[in-house]
Amino acid sequence: MMAKETLVEVENLKKHFPITRGIIIQRTVGAVQAVDGISFNIFRGETLGLVGESGCGKTTAGRTILALYPVTEGTVKIDGMDVHNARKSDLLAIRCKAQMIFQDPFASLNPRWTVSAIVSEPLRVHKLYSNHQERSDAVKELLELVGLSPRLINRFPHEFSGGQRQRIGVARAVATEPCFLVCDEPISALDVSIQAQVVNLLEDLQDRLNLTYLFIAHDLSMVRHICDRVAVMYLGKIVELGSKDEIYEKPLHPYTVALLSAVPIPDPATSRKRKRIILEGDIPSPANPPAGCHFHTRCPRVFEPCDKEEPEWKDVGSGHYVACHLF
Ligand code: SF4
């Protein structure tokens with residue numbers, strides 16, 4: 001079997017946002033620990049799912065990986081290039097290789113710009129055309145690639161449906177021929193009826209353009225469909241990571257087990273047999289996370305060391321990792 005090639009390396013990534021007080025003289029009084037020391041690799045051509053409840057830090061992680069936020073600590077390498085310590089010219093090259101598809105196709109497109117201006121913006125930034133005709137041809141080709149008619153090139157975003165707008169966002173993201181895309185909940189703002197179409201488009205583009213995805217989502221059924229491996233995040237940390245079969249068939253971390261217990265099962269007989277785990281309480285504040293295991297305030301299996309010692313990241317075999325004192 002051919003060894004997998006690592007495209008993205010994330011090592012102990014932290015992103016803390018300072019909390020300040022005062023109007024004239026601002027003092028830092030704490031920090032929101034949105035991402036608190038996450039590490040993982042993404043192999044070329046694969047889709048890694050990053051899942052967890054709202055507010056667990058997955059969007060911040062995606063944005064920090066692409067250097068849209070400065071890093072607090074840790075390193076991110078994309079195709080061997082250190083994203084946060086790159087020179088300006090190298091950062092431009094990284095931005096060419098790595099792009100983002102945003103969650104909200106309504107907010108992420110400038111309403112005053114035509115489709116042509118939106119899709120060609122990255123081409124302009126990276127100087128990838130030399131005249132008006134080349135730009136227009138490239139935009140038309142990109143629109144066709146994402147299943148939109150090139151005749152729509154001079155329309156404005158408000159003239160499109162949600163699914164079509166997300167296709168425009170995808171066209172913009174692949175304009176620079178990237179190898180890596182962070183897809184930040186790309187379907188969660190869309191009608192259920194068109195979610196599958198956008199997912200099919202992403203899968204099709206992955207095959208045709210040899211793309212690697214970090215797919216951020218909270219819909220675990222969709223993640224199972226599209227991802228090769230899954231990382232589960234809770235309060236700024238990754239608590240479990242493994243192939244989708246390992247995670248869905250043999251979940252280990254109590255948080256993963258609880259999340260999966262809420263995924264709808266189409267077969268009513270199987271669904272009736274399954275026990276739904278309701279987690280008590282709210283997700284704690286990332287400005288003041290609990291000591292020990294961050295999940296201990298809600299964990300149905302909490303025991304002696306959990307509120308004092310942080311669990312280590314353990315390899316349990318078959319590429320399956322978990323951070324929990326039970327293992
Ligand atoms: Fe639950 Fe303890 Fe495991 Fe944390 S370490 S998930 S509190 S059993």
Side-chain angles (χ1 to χ4, degrees), residues 10-16 30-41 48-62 72-74 214-221 223-224 227 229-265 273-327:
V10 178
E11 187 66 44
N12 191 32
L13 185 71
K14 293 187 183 176
K15 178 62 199 171
H16 296 177
V32 174
Q33 298 164 31
V35 177
D36 198 23
I38 62 172
S39 302
F40 56 85
N41 289 344
L48 176 72
L50 187 58
V51 301
E53 287 165 291
S54 294
C56 71
K58 47 194 194 306
T59 292
T60 304
T72 304
E73 206 179 305
L214 175 65
F215 193 87
I216 298 169
H218 63 261
D219 178 350
L220 288 162
S221 346
V223 167
R224 182 170 203 172
C227 297
R229 291 187 303 143
V230 179
V232 182
M233 203 165 168
Y234 183 80
L235 210 57
K237 291 188 183 288
I238 292 183
V239 295
E240 188 164 6
L241 188 152
S243 70
K244 71 173 171 191
D245 291 342
E246 284 279 324
I247 296 290
Y248 282 83
E249 302 301 331
K250 301 177 206 158
L252 297 175
H253 197 282
Y255 179 60
T256 314
V257 174
L259 280 186
L260 289 175
S261 81
V263 176
I265 299 177
K273 275 188 237 154
R274 189 180 58 180
K275 189 167 167 273
R276 170 95 199 261
I277 299 166
I278 312 271
L279 293 175
E280 304 283 334
D282 292 329
I283 188 164
S285 165
N288 187 20
C293 170
H294 282 4
F295 188 52
H296 84 257
T297 53
R298 303 170 77 199
C299 180
R301 300 186 65 185
V302 60
F303 65 114
E304 181 52 40
C306 301
D307 61 348
K308 295 178 194 71
E309 291 166 31
E310 190 176 333
E312 281 174 26
W313 188 235
K314 283 173 214 138
D315 181 353
V316 291
S318 312
H320 193 160
Y321 298 84
V322 66
C324 173
H325 290 305
L326 290 168
F327 305 95

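Keep in mind it's a predicted model, so treat the numbers as computed, not measured. Both ligands and their constituent atoms are indexed starting at 1 by order of listing.
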- prompt: Can you tell if the side chain of P300 reaches within under 4.5 Å of the side chain of I277, non-hydrogen atoms only?
  reply: yes
task: Check each atom of ligand 1 against the heavy atoms of C299 and keep those under 4.0 Å away; list them by number with element.
output: 1 (Fe), 6 (S), 7 (S), 8 (S)
- prompt: Is K314 atom NZ crowded by more than 12 heavy atoms from other residues, nucleotides or ligands, each under 6.0 Å away?
  reply: yes
query: Looking at L326, which atoms of ligand 1 are within less than 4.0 Å of one of its heavy atoms?
result: 8 (S)
- request: May I ask you to check whether C293 brings an N, O or S atom to under 2.8 Å from atom 3 (Fe) of ligand 1?
  value: no
query: Which of these, V10, T72, T60, sits in a side-chain contact (heavy atoms from CB on, under 4.5 Å) with V35?
result: T60
task: Provide the closest heavy-atom pair for F215 versus C227 in the form atom of the first, atom of the second, distance.
output: CB-SG, 4.1 Å
message: Looking at non-hydrogen atoms alone, which of R301, E240, H325, H296 comes nearest to atom 5 (S) of ligand 1?
response: H325
task: Evaluate side chain to side chain donor-acceptor pair (under 3.5 Å) for H320 paired with E240, printing each intermediate quantity in order.
output: CA-CA 8 Å; H320 193 160; E240 188 164 6; 2.5 Å; yes
query: In Å and rounded to the nearest 0.5 Å, what is the CG to CG distance from N41 to L48?
result: 9.5 Å
field: Where ligand 1 meets H253 - atom numbers and elements under 4.0 angstrom, heavy-atom basis
entry: 6 (S)
- line: The protein heavy atom nearest to atom 3 (Fe) of ligand 1 is C324 SG, 2.3 Å
For atom 2 (Fe) of ligand 1, the protein heavy atom that lies nearest, with its residue and separation: C306 SG, 2.2 Å
